[in-house]
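Below is one structure, written out as structure tokens; comments come after it.
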2 protein chains.
Amino acid sequence: MEHRLERIKKQLHSQSYKLTPQREATVRVLLENEADHLSAEDVYLLVKEKAPEIGLATVYRTLELLSELKVVDKINFGDGVSRYDLRKEGAEHFHHHLVCTECGAVEEIEEDLLGEVEKIVEKDWKFQVKDHRLTFHGICKVCQEITVKTGTSK
Amino acid sequence: MEHRLERIKKQLHSQSYKLTPQREATVRVLLENEADHLSAEDVYLLVKEKAPEIGLATVYRTLELLSELKVVDKINFGDGVSRYDLRKEGAEHFHHHLVCTECGAVEEIEEDLLGEVEKIVEKDWKFQVKDHRLTFHGICKVCQEITVKTGTSK
DNA sequence: TATTATTTTGTAATGATTATCAATTACAGA
DNA sequence: TCTGTAATTGATAATCATTACAAAATAATA
């Protein structure tokens, strides 16, 4: 935890940004809630518990900054709200998501599914891939079982 | 063109929706501008040329309806505006996009890149895949050449 | 200490999308 | 054809996430 915070601090300093108390509080919230896909509002409310004087605008700016530094990934599930995921240390890429169309659950996949596909894109379209976003939409394991048992489907 | 319009009309009727003049005008605009990734506002302005009395809300409602019927895909490039792509006839899935981080150009890929990957997801995560969204971010062919020639990179 | 740049805060502004509601239209049945 | 009902539309107000702004606070520099 402290270790990752240290890393992020260095990363900020290397671009002559400061790790202000507000920024630190925001990063800590992200580190403590890594499993969730927090919106800016979510982060704001959580940070406020520890640092009540922080403003919403600052949270937005901090998340934007962390996004530019590739510390977090800004993602979009199409519900009109951006969400922010801390990128795993050393991870080059965004991770993937399985979004259940029945219950809305979101599962993450860390595996590198697209190594081969990227090579194809680079070769066939002469497109130099820097990153990608991959989301699957479908029915999660839990909802499949419910459907089988009750015979219902939305 | 007329053929595809006919198809869409049937699809609407089969769910007891009507193909009103406003809806027809909207679909025609989509058919005539298939290459672009139009926002609701774009569509509105184009429809207005032919049917000046149409309201913005109607365009939004129509696009939402077409999206539910999977006639169009509602996509999001992270710029705060939803865009609407007509789905190719008979296409099961969304197509993919190559978004250039230098110039913002968006290229489409129709190829099925994820057939194998989907099988892996279904098998390893017991997730029943219905659709997917795949976007690559990177540097397009044109911008690569500019970078080589001028030695600049943003 | 004086100066300058960075950051923060609270709030106003923006802009896309959605909700509301009265008016219009389409259509099934008498 | 007339009538009643449901679907649809258009204008506009409301909503909500995000961004812009200006003044105050903070930190860095000389």
Side-chain angles (χ1 to χ4, degrees), chain A residues 8-9 11-29 36-69 71-85, chain B residues 8-29 37-69 71-85:
Chain A
I8 293 167
K9 186 173 179 179
Q11 209 169 340
L12 282 166
H13 284 164
S14 74
Q15 315 247 348
S16 63
Y17 292 115
K18 300 161 197 168
L19 183 65
T20 62
Q22 291 91 336
R23 286 177 181 166
E24 178 170 335
T26 303
V27 171
R28 281 186 186 280
V29 162
D36 304 322
H37 299 91
L38 303 176
S39 67
E41 184 81 23
D42 294 336
V43 175
Y44 173 62
L45 293 175
L46 287 167
V47 175
K48 244 177 138 45
E49 292 176 8
K50 299 290 179 60
E53 74 291 354
I54 200 169
L56 178 58
T58 301
V59 171
Y60 269 103
R61 273 186 304 250
T62 302
L63 290 172
E64 194 58 36
L65 178 60
L66 294 174
S67 180
E68 279 165 25
L69 295 177
V71 170
V72 304
D73 286 309
K74 185 176 179 177
I75 58 182
N76 193 303
F77 292 138
D79 58 353
V81 193
S82 292
R83 292 166 192 285
Y84 301 85
D85 277 15
Chain B
I8 293 167
K9 186 173 178 177
K10 276 180 191 161
Q11 209 167 340
L12 282 167
H13 283 164
S14 74
Q15 315 247 348
S16 60
Y17 292 115
K18 299 161 195 168
L19 183 63
T20 62
Q22 291 90 336
R23 286 177 181 166
E24 177 169 338
T26 303
V27 172
R28 281 187 186 280
V29 162
H37 299 91
L38 302 176
S39 67
E41 183 81 25
D42 294 336
V43 175
Y44 173 61
L45 293 175
L46 286 167
V47 174
K48 243 178 138 47
E49 291 175 10
K50 299 290 179 60
E53 75 291 354
I54 200 169
L56 177 58
T58 301
V59 171
Y60 268 103
R61 275 185 301 242
T62 302
L63 290 172
E64 194 56 37
L65 178 59
L66 293 174
S67 180
E68 278 164 27
L69 295 177
V71 171
V72 305
D73 286 308
K74 186 176 179 178
I75 58 181
N76 193 304
F77 293 138
D79 59 352
V81 192
S82 291
R83 292 166 191 286
Y84 300 84
D85 277 15

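Bear in mind the structure is a predicted one, so any value in this text is a computation, not a measurement. Below, chains carry the letters A, B, ... as their sequence lines are ordered, and counting in each starts from 1.
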Cationic N near anionic O, under 4.0 Å, A:E24 to A:K9: no
Backbone N/O of B:Q22 and side chain of B:T26: donor-acceptor pair under 3.5 Å: yes
Separation of atom OH in A:Y17 from atom P in C:dT7, rounded to whole Å: 7 Å
Sugar-phosphate only, base, or nothing, as touched by A:S39 at under 4.0 Å among non-hydrogen atoms: nothing
Under-4.0 Å side-chain N/O to phosphate OP1/OP2 contact, A:S82 with D:dT18: yes
A:L63 CG - D:dA17 P separation (whole Å): 15 Å
Distance below 4.0 Å between B:R61 side-chain N/O and D:dT8 OP1 or OP2: no
B:Q22 CD to D:dA11 C1', straight-line distance once rounded to whole Å: 14 Å
Separation of D:dT18 P from B:N76 CG (nearest whole Å): 11 Å
B:R23 side chain to B:K18 backbone, donor-acceptor under 3.5 Å: yes
Listed nucleotide nearest any side-chain atom of A:T20, set D:dA11, C:dA16, C:dT7: C:dT7
Touch class at under 4.0 angstrom, heavy-atom based, for B:E53 against every strand present: sugar-phosphate
Between P of D:dG10 and OH of B:Y60, the distance in whole Å: 15 Å
Integer-rounded Å distance: D:dA25 P and A:I54 CD1: 18 Å
